[in-house]
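The next block holds one structure in the form of structure tokens; read it before the comments.
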Number of protein chains: 2
Amino acid sequence: MLELRHLRTLLALQETGSVSLAAERVFLTQSALSHQLKQLEAYYQQPLFERKSQPLRFTLAGERLLTLAHELLGRVAAAERDVARIREGDAGELRVAVECHTCFDWLMPAMDSYRQHWPAVELDIVSGFHADPVSLLLTQRADLAIVSEMEPQAGVVHHPLFAYEMVGIVARDHPLAEKKIWQAADFAGETLIQYPVPDDMLDLWRKVLLPAGVNPPRRSSELTVAIIQLVASRRGVAALPYWAVRPYLEKGYVVARTIGDGGLRSELYAAVRSEDAALAFMQDFLATVRERSFATLPGLTVLAG
Amino acid sequence: MLELRHLRTLLALQETGSVSLAAERVFLTQSALSHQLKQLEAYYQQPLFERKSQPLRFTLAGERLLTLAHELLGRVAAAERDVARIREGDAGELRVAVECHTCFDWLMPAMDSYRQHWPAVELDIVSGFHADPVSLLLTQRADLAIVSEMEPQAGVVHHPLFAYEMVGIVARDHPLAEKKIWQAADFAGETLIQYPVPDDMLDLWRKVLLPAGVNPPRRSSELTVAIIQLVASRRGVAALPYWAVRPYLEKGYVVARTIGDGGLRSELYAAVRSEDAALAFMQDFLATVRERSFATLPGLTVLAG
DNA sequence: CGATTTGAATTAATTATTTTCATGAACAGG
DNA sequence: CCTGTTCATGAAAATAATTAATTCAAATCG
């Protein structure tokens, strides 16, 4: 018998295009999903998608159930929001502290969607870049902080948001474009183009350059396009999230390369005060950020709690 | 995490007004449902209904989930119909043979609903009363027969539809109105008003009068209202389904009494040829009949396969 | 073209969840 | 005050979901 679980699976399958990735998305193993799908196809006595093609293609029946999934899951979310509001009311204050430049790319669509669902919540961004955004939480100057590490701290809980790959970008005719994988040493002779933030907020610095003792000259810009522009005109190299540079890759302005074996993985967490962690309007903000981000940004991976 | 199962439960809870009846409706024990509901309330951290009142009342949160249930389950049914149609096509022939007069009361609304979902299925009623409606199946003169007993027959499968209580009805000032429970002997001195059908098609005859050797004088009429009219004017007594007479009971034209200890229970089955049993348009007809009947008629009980 | 990697299916085993059984408490109606 | 009914509960049983380990089948790559 059909359950919402199956529809959530189909949706993940559509978004990721593969069984294994979909499994990761719904926090199950590939095997579990394979079983679940087999069972579903047995129930409807017909295949729901073609496994051969990459990305996988849905059959007519699969498409129909996918449509159903879209219809239902949105309504479920809406109903659960309403139920939560019945319990806790619909008002609240949610000041978000952000420490990364690119975060605005996914934060804006998420906040936009969230505002529609929680019109009575005062939603603000605490602007400016802070050495320690978590301290803003404890001093009541923010209610949620976006951070890239899960540093344990009394009175604060961290909720995983998602993970993604940081890629090195360089002009197409730059010598480094020849190398598939860049190591720390490759940055030694280059100018590093970056956002104007302290070094320890850069994943590239913390995880690659600092351990290797490499300290290349820098040049900075506030805007992603400006960084791309500098890289394209061979003024240096940069490390940016894959999802932030993909549009420029497709236009061929620059090329992207893997940093370190297995790539440079960045993670994002939302830190909130412990006493706020269970609030419905807070929980739903996290759910909205995850949902919108996975739907919008390419190449995200889930981050376990 | 919310699943469709929970929504189906809530719907049954609304339709029946009690946990135990709802449990029966979804083919579970009362205990199972109690656990399920407890789990659901723990998940939403709030009560979903008040147990004290009869019929039970939903809380605001419960109402909201009930609304969700109505929204979703209809869509699920529609999607599953579409999926079945993708597999088997949307056309077919469905000639329904009916042996009971009152059956038309529930058959009409069900057929009406069904026709909208399966416009390409040729739906007909094989009229006239037949000694053995199952033989119509085997001779290809009907595709589905409504019968009141599950007589095993090669090449034919029986699907349970529902069960209900047959009640004795009598004028308010008739002596039998004094008796809460009627036994076979009570019919001895009375005229029995019935539909013009052979005796062995009457549950009252087969299950009560014949075993006791009681054979009261008869009078017959095609129409339920006419039977009620005769009973009300003290021309005799009758036995009819509770759901068929309830409107007249409420108006006070006649009164209803239990027949035999524990009441006289009637059952209805749909008989179809084995080779047709798995057809989607056939299965959905059965589902529609059950769904519409339970939603429309009071006092039905489920009938196990 | 063979070796290697990757993604999905399979079987058996495990784990988690759901359901039942047996029972008790609360309550309504006689 | 009993009696029947309805719902709740804890433990046991049954069932379903999930994983681990492995195989199979394509795709990718030297």
Side-chain angles (χ1 to χ4, degrees), chain A residues 1-10 12-43 46-59 62 165 178-181 258 261-263 299 301-302 304, chain B residues 1-10 12-43 46-59 62 165 178-181 258 261-263 299 301-302 304:
Chain A
M1 178 144 270
L2 186 72
E3 290 293 351
L4 290 177
R5 165 165 35 95
H6 300 121
L7 298 180
R8 294 189 245 263
T9 295
L10 288 178
L13 210 51
Q14 179 181 45
E15 283 185 1
T16 60
S18 103
V19 175
S20 353
L21 291 179
E24 194 171 82
R25 205 55 93 68
V26 297
F27 296 101
L28 291 177
T29 60
Q30 170 266 318
S31 174
L33 234 64
S34 184
H35 281 291
Q36 201 181 88
L37 290 165
K38 184 183 173 181
Q39 179 194 258
L40 207 54
E41 293 186 325
Y43 178 66
Q46 58 190 315
L48 300 177
F49 61 98
E50 293 167 24
R51 292 99 211 285
K52 306 297 158 196
S53 51
Q54 196 64 246
L56 87 216
R57 286 164 45 86
F58 288 87
T59 62
E165 187 184 351
E178 304 305 315
K179 287 201 69 172
K180 282 285 171 217
I181 299 178
T258 306
D261 305 307
T301 53
V302 291
Chain B
M1 179 146 268
L2 186 71
E3 290 293 351
L4 290 176
R5 168 165 29 100
H6 300 121
L7 298 180
R8 293 189 245 262
T9 295
L10 288 177
L13 209 51
Q14 180 182 43
E15 282 184 1
T16 61
S18 102
V19 176
S20 354
L21 291 179
E24 195 171 84
R25 208 51 95 68
V26 297
F27 297 100
L28 290 177
T29 60
Q30 168 268 317
S31 175
L33 234 64
S34 184
H35 282 292
Q36 196 182 90
L37 290 165
K38 186 183 174 182
Q39 178 195 258
L40 207 55
E41 293 186 326
Y43 177 67
Q46 57 189 315
L48 300 177
F49 62 98
E50 294 168 22
R51 290 101 212 284
K52 306 299 159 193
S53 51
Q54 196 65 249
L56 90 214
R57 287 165 46 86
F58 288 87
T59 62
E165 188 183 350
E178 303 303 315
K179 284 200 73 172
K180 282 287 169 217
I181 300 179
T258 306
D261 306 306
T301 53
V302 291

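Note on naming: letters A, B, ... go to the chains in the order of the sequence lines (proteins, then strands), and numbering restarts at 1 for each one.
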Quiz prompt | Side chain proximity check, A/Glu165 to A/Thr258, heavy atoms < 4.5 angstrom | solution = yes
Quiz prompt | Heavy-atom side-chain proximity of B/Leu7 to B/Leu2 below 4.5 angstrom | solution = yes
Exercise. Return the residues of residues 13-24 of chain A meeting this criterion: a heavy atom under 4.0 Å from some atom of DNA chain C. Order them by number, or give none.
Key: A/Ser18, A/Val19, A/Ser20
Self-check item: Protein-nucleotide distance (B/Leu40, atom CG; C/dT18, atom P), rounded to Å
Solution: 11 Å
Quiz item: For C/dA9, does OP1 or OP2 lie under 4.0 Å from any side-chain N or O of A/Lys38?
Solution: no
Self-check item: Reported CD-to-OG1 distance for the pair B/Gln14 and B/Thr9, which is rounded to 0.5 angstrom
Solution: 13.0 Å
Self-check item: Taking every non-hydrogen atom, the tightest pair across A/Leu28 and A/Leu33
Solution: CD1-CD1, 3.7 Å
Exercise. May I have all residue pairs that pass salt bridge (charged side-chain N to carboxylate O under 4.0 Å, His left out) and include part of residues 19-40 of chain A, sequence neighbours excluded?
Key: A/Glu15-A/Arg25
Could you list the protein-to-nucleotides 12-19 of chain D atom pairs, N/O on both sides, closer than 3.5 Å?
residue, atom, partner, partner atom, Å
D/dA17, OP1, A/Arg5, NH1, 3.2
D/dA17, OP1, A/Arg5, NH2, 3.4
D/dA17, OP2, A/Gln39, OE1, 2.9
D/dT18, OP2, A/Gln36, NE2, 3.4
D/dT19, OP2, A/Thr29, N, 2.8
D/dT19, OP2, A/Thr29, OG1, 2.9
D/dT19, O4, A/His35, NE2, 3.0

Quiz item: Is A/Leu10 close to A/Leu37 at the side-chain level, that is, under 4.5 Å between some pair of heavy atoms?
Solution: yes
Quiz item: To the nearest angstrom, how far is A/Arg51 atom CZ from C/dT6 atom C1'?
Solution: 17 Å
Quiz item: Can you name the side chain to side chain donor-acceptor pair (under 3.5 Å) partners of B/Arg51, sequence neighbours left out?
Solution: B/Glu41
Quiz item: Sub-3.5 Å donor-acceptor pair from the side chain of A/Thr16 to the main-chain atoms of A/Ala12, do we have one?
Solution: yes
Atom pairs under 3.5 Å, N or O on each side, protein against nucleotides 26-30 of chain D: can you list them with distances?
none

Quiz item: Mind checking what makes salt bridge (charged side-chain N to carboxylate O under 4.0 Å, His left out) contact with A/Glu3, not counting sequence neighbours?
Solution: B/Arg5, B/Arg8
